[in-house]
Structure formats: C-alpha cells, structure tokens
Amino acid sequence: MEWVQIDEPILVLDLPTAWKNAFEAVYNRLQSSPVKILLATYFGGLGEHASFACRLPVAGLHIDLVRAPEQLTAVLDNFANHKVLSLGLIDGRNIWRTDLNAALSTISAARERFKGELWLAPSCSLLHVPIDLEHETALDPTIKSWLAFARQKLTELEVLRLALEEPAAAEPDLIVSANAVRSRRESTLIHNPAVQAELAKIDSSLTQRQNLFPVRREQQRAKLNLPSYPTTTIGSFPQTPEIRKARADFKRGLISEADYIKHMEHTIEFCVREQESLGLDVLVHGEAERNDMVEYFGEQLDGFLFTANGWVQSYGSRCVKPPIIYGDVSRPKPMTVRWSQYAQSLTDKPMKGMLTGPVTILNWSFVRDDQPRSTTAYQLALAIREEVNDLERAGIPIIQIDEAAFREGLPPRQSRWQGYLDWAVRAFRICSSGVKDSTQIHTHMCYSEFNDIIKSIADMDADVITIETSRSNMELLEAFIDFNYPNEIGPGVYDIHSPNVPTTDDMVALLKKAGERIAPDQLWVNPDCGLKTRQWQDVRISLANMIEAAKALRSVAV
C-alpha cells in the first residue's frame with residue numbers, strides 16, 4: 001500500500017491553539033510511516049488554517065473546492081510543489097451534474113501556479129449521495145439529465161481527466177454537461193411565476209404574530225384550559241406492521257382510497273382513545289399515514305421529486321431516501337387537515353396538528369443549487385404557512401411545526417452562523433405567524449445542543465418548544481440559567497430511543513431539576529421525541545408514569 005488517506009474535516013472548523021499544536025505533534029510522528037499520507041479536508045474551507053495545513057508533514061492535501069472555492073488561492077500561496085494537491089471538484093453532498101467547464105477553469109487556475117502533481121476528486125466521500133442514477137427509470141427524462149449520483153460523478157471525473165489529456169475525446173460530454181446546467185436554470189419545469197410573486201411580497205408583516213407572547217399566553221390559556229405541567233407527546237405513535245401494510249397496499253394500488261382512509265381513521269380513533277384512557281392533556285392523531293417526516297410532505301408539494309432507489313446512509317445502519325427539490329415549491333392542496341380534523345372530531349380534548357418545518361425539510365433534502373438555500377427555505381415556509389392557516393380554520397387549536405434539523409444547517413465556521421440563523425429563524429416565523437393569538441404554536445427539536453444558539457431559538461417565538469433533555473440529565477437546560485427564556489418549554493423526560501421504561505420517580509426528579517432553571521409555570525411534560533419506533537405495551541406504561549409525574553408536581557404546587 002503506497003497511500004493512506006486520513007480524513008481531517010475538523011480543519012475547516014474554528015480550532016483552539018492547543019488542538020493545532022496536537023496536529024503538529026501527531027503528524028510529526030506519523031511522517032515516520034513508510035506509507036504516504038493524504039490529508040483530506042472537506043465540508044468547508046481551511047480559512048486561517050490554510051498555511052498551517054500546508055506545512056504539515058504529509059505527502060498530499062485534499063481540499064473541498066465545492067463548498068469553499070475561494071480557498072484555492074490561499075492553499076496555492078503556501079503549498080509546496082513536491083507534494084500532491086487533490087482538488088475536490090465534484091459535489092459529494094448533492095446530486096446535480098457538475099458544470100465541467102467551470103471545473104476545468106479551476107484546474108487551469110491551479111496548474112498556472114502549482115507545478116506539482118494534481119489529483120482530481122469529489123469534494124468529499126460519495127457515501128452522501130445515491131449509488132447509480134441508471135436505476136431511476138421512472139424519473140422525468142429532462143430532470144434526470146440534470147442529475148448525477150455516485151457512479152455518474154466518477155464518470156465526470158473521468159471526463160475531466162480526458163479533457164486535460166485527450167481534449168477531442170471529452171469535448172462532446174463537456175458540451176452536454178454545460179447545456180444541462182444552462183437548461184436547468186432556464187426550464188419552465190423549475191420556475192413558477194405564482195411562487196415568485198409570493199416571495200416578492202414577504203415583509204415584516206409575515207414574520208410577526210399579532211401580539212407578543214405574554215398577550216398570546218393569556219388567550220391560549222383561556223381557550224385551552226390546561227392544568228399546570230400539561231402533558232403531551234411529540235406526535236407519532238407506534239407504526240405497527242398493520243399500518244405499514246395498509247400504506248404499502250394503497251401505494252401499490254392493492255386497496256382503494258376509500259379502504260385506505262377507513263383503515264387510517266380506524267387507527268386514528270384507536271390512538272385517540274388510548275390517549276384519552278391514559279389521561280394526556282393535549283392529544284395527537286398519531287401520524288399513521290406518514291412514511292417519513294420529510295418524505296410525506298415532499299410527496300404533496302410541487303417542486304419535489306422522489307427516487308425509487310436513492311438511498312443514502314443517515315447514521316449507523318439507518319438509511320434514508322431524501323427527496324430532491326428541483327424547482328419552485330408550492331402547496332397544491334391541504335396535506336394534513338383531513339387527519340387532524342377527523343381526530344379532533346373524536347374528542348373534546350385539544351388536538352395538536354403536526355407539521356415538519358421548512359428548515360428541516362430543506363436540510364434533509366437534496367436542494368437545488370441554482371438559487372440561495374434561503375430562497376428555497378422561504379418557498380417552503382410559504383407552503384407550510386398555508387397548511388398552518390388551514391389547520392387553524394379547521395378548528396385545530398395547537399399546531400406543532402417540527403424543526404428537528406434546525407441546528408444541522410449551521411455552517412462549519414461560527415463566524416458564518418448568524419447569516420444562516422437569520423434566514424432560518426425568518427423562515428420559521430413566516431410559516432408560524434399567520435394564526436390568531438389564541439392558536440398555540442409548538443416546535444420540536446431533538447438531540448441537539450442549543451446553548452450557543454439559544455437567542456435564535458427564542459427569536460423563533462414559538463409559544464412552546466419541546467426538546468430532548470433526558471439523555472443529558474437536563475444538562476441541555478444549562479443555557480436557561482443565564483438566558484431568560486420568555487416562552488414555554490417541554491424538556492423531554494424520557495428517552496424514547498431506549499427500551500428502558502422510565503419510572504415516575506425518575507421523571508419527577510428530572511422535572512424538579514428542570515424547575516431549577518425554568519419557572520414551573522413555563523414547563524410542559526413530554527417524551528424526548530416521537531414514539532413511532534416503540535411498541536404499544538412500552539408506550540402505555542411509560543406515558544402512564546409520565547402523567548403520574550406531572551400529577552405529583554401539580555399536587556406539590558397546590
């Protein structure tokens with residue numbers, strides 16, 4: 001073995017001096033190895049670490065010129081000609097065809113100044129994209145011509161090599177690629193004048209509730225009449241084999257729409273009765289009709305497409321099939337109102353409508369690359385806003401807009417965080433601010449650190465935020481010691497990803513700990529996340545214990 005690649009994407013982050021010193025010590029020891037080391041950085045630019053990285057005793061350096069094309073100049077200013085420079089030219093994080101003419105220009109700029117050996121590569125590992133576009137036989141041919149999965153990206157690299165070594169052989173491919181990029185930006189498949197007109201109307205009036213939270217809270221409390229420490233869940237309930245079979249049979253045309261609706265309504269009624277029997281204060285319909293919290297909405301929004309085999313690894317052994325946002329996003333018709341309205345008709349208790357927020361849909365999709373991500377987020381926000389308003393008109397008093405992936409969109413460099421946070425918060429407020437003061441807006445964020453972005457979380461101005469805190473033993477609430485969070489919060493009191501059934505005493509202890517940081521009249525009681533992956537026998541016991549914990553705290557308060 002001649003080469004070993006060592007991935008160090010941490011070099012695109014802000015690093016303390018001690019960490020940089022550790023890099024030097026480690027790589028000084030590694031240089032005694034008989035193999036050559038390629039140091040690979042990606043997901044951002046080296047920034048102020050450029051000269052430092054170039055000086056490390058390695059045989060080669062890989063840089064991401066898709067996420068940070070501007071870093072090439074700094075690297076060339078500091079890089080030694082006897083080393084290998086690997087240029088990350090093909091986007092390993094998205095599925096659009098590369099503008100090969102632009103890539104060739106980048107290579108030419110590098111060759112003018114660098115006299116050593118150049119390698120051509122994807123920006124990062126290709127595990128972030130599906131394997132082979134050729135298996136997607138049902139895609140619109142025009143849109144398909146704009147795409148490149150892992151195998152197609154490797155072909156693009158070969159075309160670039162040919163263009164450098166055998167220009168005549170590569171020229172047709174380059175022309176096709178360039179034309180595809182141009183047509184992607186000009187096609188009527190992408191642009192929707194109605195959506196563009198709505199974007200132009202966005203102003204401060206679309207991002208502000210009618211009144212500040214203290215006024216809204218009084219109206220909501222009068223309307224909902226909830227006890228202290230109100231109990232609820234995050235949205236989903238166990239997805240049984242029967243539920244999955246009904247969805248699959250309907251998708252394959254094996255059962256009629258009427259039979260499918262009947263099956264879903266039966267499941268919703270079962271879920272509502274279970275929650276009533278347990279004694280929950282705010283109910284949900286259970287989300288039996290949903291396959292995935294992003295896919296479900298993408299399938300009903302214009303501007304999205306879905307692959308048949310476009311699976312990518314999410315975490316561990318879990319894989320997902322992200323939707324592709326290829327054009328302007330709009331909502332042709334209501335997406336969830338039928339199910340929430342039916343669930344509310346079954347009970348006098350308040351029903352919570354469940355939606356996925358614009359930032360999470362954006363961050364868990366392959367996003368078009370011909371406009372800023374913020375613009376696509378605003379389009380999503382306008383579509384979700386219509387759904388929020390329709391849920392309110394249908395009599396749903398509480399609407400939860402999940403933003404599980406809110407933090408995931410943060411740029412690697414903290415200096416660029418605020419720009420992202422500004423438009424992400426604005427997108428959330430666009431979709432949530434069209435309702436009356438008496439309608440309560442919730443959001444949920446799971447398994448994230450919030451301490452360093454707590455002000456932006458507060459700026460979202462959700463009436464209630466529910467977050468994961470049981471795994472950390474409420475340590476995530478440390479941010480609330482120094483920051484006076486103005487609205488209400490539901491710190492999760494049991495870990496739904498664990499098979500352990502939490503005791504009432506365990507949850508009482510967690511809620512008391514939360515009460516040391518947050519005023520008791522701001523606290524809700526809920527699990528960390530949705531219950532989709534659990535079994536009913538565990539869910540019943542866990543929720544019963546959770547409800548008893550809330551009652552215990554109410555009795556103390558009295």
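Just so you know, these numbers use all the heavy atoms, side chains as well, and skip hydrogens, waters and symmetry mates.
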Q) Is Arg338 salt-bridged to Asp390, cutoff N-O under 4.0 Å? A) no
Q.
Checking side chain to side chain donor-acceptor pair (under 3.5 Å) between His444 and each of Asp528, Asn526, Thr466, which is the one that passes?
A. Thr466
**Q.** Lys/Arg-Asp/Glu bridge criterion (N-O < 4.0 Å) met for Lys513, Glu516
**A.** no
**Q.** Crowding at CG, Asn484 (>12 non-hydrogen neighbours, <6.0 Å)
**A.** no
**Q.** Atom CG of Leu199 with >12 non-hydrogen neighbours under 6.0 angstrom
**A.** yes
Q) For residues Arg247 and Gln239, is any side-chain donor paired with an opposing acceptor at under 3.5 Å? A) yes
Q. Sub-3.5 Å donor-acceptor pair from the side chain of Asn500 to the main-chain atoms of Pro502, do we have one?
A. no
**Q.** Exercise: do Ser330 and Gln379 side chains pair donor with acceptor under 3.5 Å
**A.** no
Q. What pairs with Glu242 under salt bridge (Lys or Arg N to Asp or Glu O under 4.0 Å), at least two apart in sequence or on another chain?
A. none
Q. Donor-acceptor pair, Ser456 side chain versus Leu421 backbone, under 3.5 Å?
A. no
**Q.** Thr503-Asp505 side chain donor-acceptor pair, cut-off 3.5 Å
**A.** no
Q: Taking atom NZ of Lys349 as the centre, report whether more than 12 heavy atoms of other residues, nucleotides or ligands fall under 6.0 Å from it.
A: yes
Q: Determine the sole option in Thr360, Thr443, Asn363 for which the side chain to side chain donor-acceptor pair (under 3.5 Å) test with Glu403 is passed.
A: Thr360
Q. Closest heavy-atom contact between Ser432 and Arg209?
A. O-CD, 3.6 Å
**Q.** Test: Lys262 and Glu265 ion pair at under 4.0 Å
**A.** no
Q.
Just to verify, which of Leu380, Ile401, Leu206 counts as forming a side chain to side chain contact (heavy atoms under 4.5 Å, CB included) with Arg385?
A. Leu206
Q. Any chance NZ of Lys321 has more than 12 other-residue heavy atoms, nucleotides or ligands included, within less than 6.0 Å?
A. yes
Q) To the nearest 0.5 Å, what is the distance between OH (Tyr229) and CG (Leu511)? A) 7.5 Å
Q: Any chance you could lay out the side-chain contact (heavy atoms from CB on, under 4.5 Å) test for Asp402 and His442, step after step, and finish with the verdict?
A: CA-CA 8 Å; Asp402 289 337; His442 289 219; over 6 Å; no
Q: Using a strict cut-off of less than 4.0 Å between a Lys/Arg side-chain nitrogen and an Asp/Glu carboxylate oxygen, indicate whether Arg416 and Asp14 qualify as a salt bridge.
A: no
(Q) With ring pair (Phe, Tyr, Trp, His ring centres under 6.0 Å) as the rule and sequence neighbours excluded, what pairs involving residues 397-423 come up? (A) Tyr420-Trp423
Q) With the threshold set at 4.0 Å, does a side-chain nitrogen-carboxylate oxygen contact exist between Asp422 and Arg426? A) no
Q: Output the distance between atom CG (Asp370) and atom NE2 (His191), rounded to the nearest 0.5 Å.
A: 6.0 Å
Q.
Nearest 0.5 Å, please: how far is OG in Ser365 from OH in Tyr326?
A. 13.5 Å
**Q.** Cys271 side chain near His285 side chain, heavy-atom distance below 4.5 Å
**A.** no
Q: Keeping the roles fixed (side chain from Asn94, backbone from Val367), state whether a donor-acceptor pair exists under 3.5 Å.
A: yes
(Q) With salt bridge (Lys or Arg N to Asp or Glu O under 4.0 Å) as the criterion, how do Arg368 and Asp328 come out once you've worked through the C-alpha distance, each side chain's angles and the decisive distance to 0.1 Å? (A) CA-CA 9 Å; Arg368 57 190 288 193; Asp328 289 340; 2.8 Å; yes
Q: Take Glu488 and Trp524 through the side-chain contact (heavy atoms from CB on, under 4.5 Å) test and state the conclusion after the steps.
A: CA-CA 7 Å; Glu488 296 181 1; Trp524 283 62; 2.7 Å; yes
(Q) Quick check for you: to the nearest 0.5 Å, what is the distance between Phe149 atom CZ and Ile95 atom CD1? (A) 6.5 Å
Q | Within 6.0 angstrom of Leu224 CG, more than 12 heavy atoms from elsewhere | A | yes
Q. So, Gln208 and Arg429: side-chain donor and acceptor under 3.5 Å apart, yes or no?
A. yes
Q: Tell me, with the steps shown, if Met354 and Thr336 meet side-chain contact (heavy atoms from CB on, under 4.5 Å).
A: CA-CA 8 Å; Met354 305 301 304; Thr336 68; over 6 Å; no
(Q) Looking at Glu257, I want to see if its CD is surrounded by more than 12 non-hydrogen atoms of other residues, nucleotides or ligands under 6.0 Å. (A) no
Q) Can you tell which of Asp463, Ile441, Asp437 makes a side chain to side chain contact (heavy atoms under 4.5 Å, CB included) with Gln220? A) Asp463
Q | Passing candidate, side chain to side chain contact (heavy atoms under 4.5 Å, CB included) with Glu386, options Met335, Arg331, Lys333 | A | Arg331
Q: Report the distance from atom CG of Leu523 to atom NZ of Lys512, rounding to the nearest 0.5 Å.
A: 13.5 Å
Q) Quick one: do Glu287 and Lys532 make a salt bridge, cutoff under 4.0 Å? A) no
(Q) I'd like to know whether Arg540 forms a salt bridge (Lys or Arg N to Asp or Glu O under 4.0 Å) with Glu274, so could you lay out the CA-CA distance, the side-chain angles of the two residues, the decisive distance to 0.1 Å, and finally the verdict. (A) CA-CA 8 Å; Arg540 290 188 185 98; Glu274 288 286 335; 2.9 Å; yes
Q) ring pair (Phe, Tyr, Trp, His ring centres under 6.0 Å): which pairs involve residues 252-272, sequence neighbours left out? A) Phe250-Tyr260, Phe270-Trp536
Q: Before giving the answer on salt bridge (Lys or Arg N to Asp or Glu O under 4.0 Å), spell out for Asp459 and Lys455 the whole-Å C-alpha distance, their side-chain angles and the decisive distance to 0.1 Å.
A: CA-CA 6 Å; Asp459 288 344; Lys455 184 182 183 302; 3.1 Å; yes
Q: Taking Thr207 for its side chain and Ser204 for its backbone only, find out whether a donor-acceptor pair lies under 3.5 Å.
A: yes
Q: Walk me through it: do Ile325 and Phe366 pass the test side-chain contact (heavy atoms from CB on, under 4.5 Å)?
A: CA-CA 6 Å; Ile325 305 177; Phe366 291 121; over 6 Å; no
Q.
Applying ring-ring contact (aromatic ring centres under 6.0 Å, His included) to Phe43 and His128, what does each step give before you reach the verdict?
A. CA-CA 12 Å; Phe43 300 156; His128 306 287; 5.7 Å; yes
Q. Does the side chain of Glu387 come under 3.5 Å of the side chain of Asn389 through a donor N or O and an acceptor N or O?
A. no
Q | Separation between CD1 of Ile547 and OG1 of Thr504, rounded to the nearest 0.5 Å | A | 10.0 Å
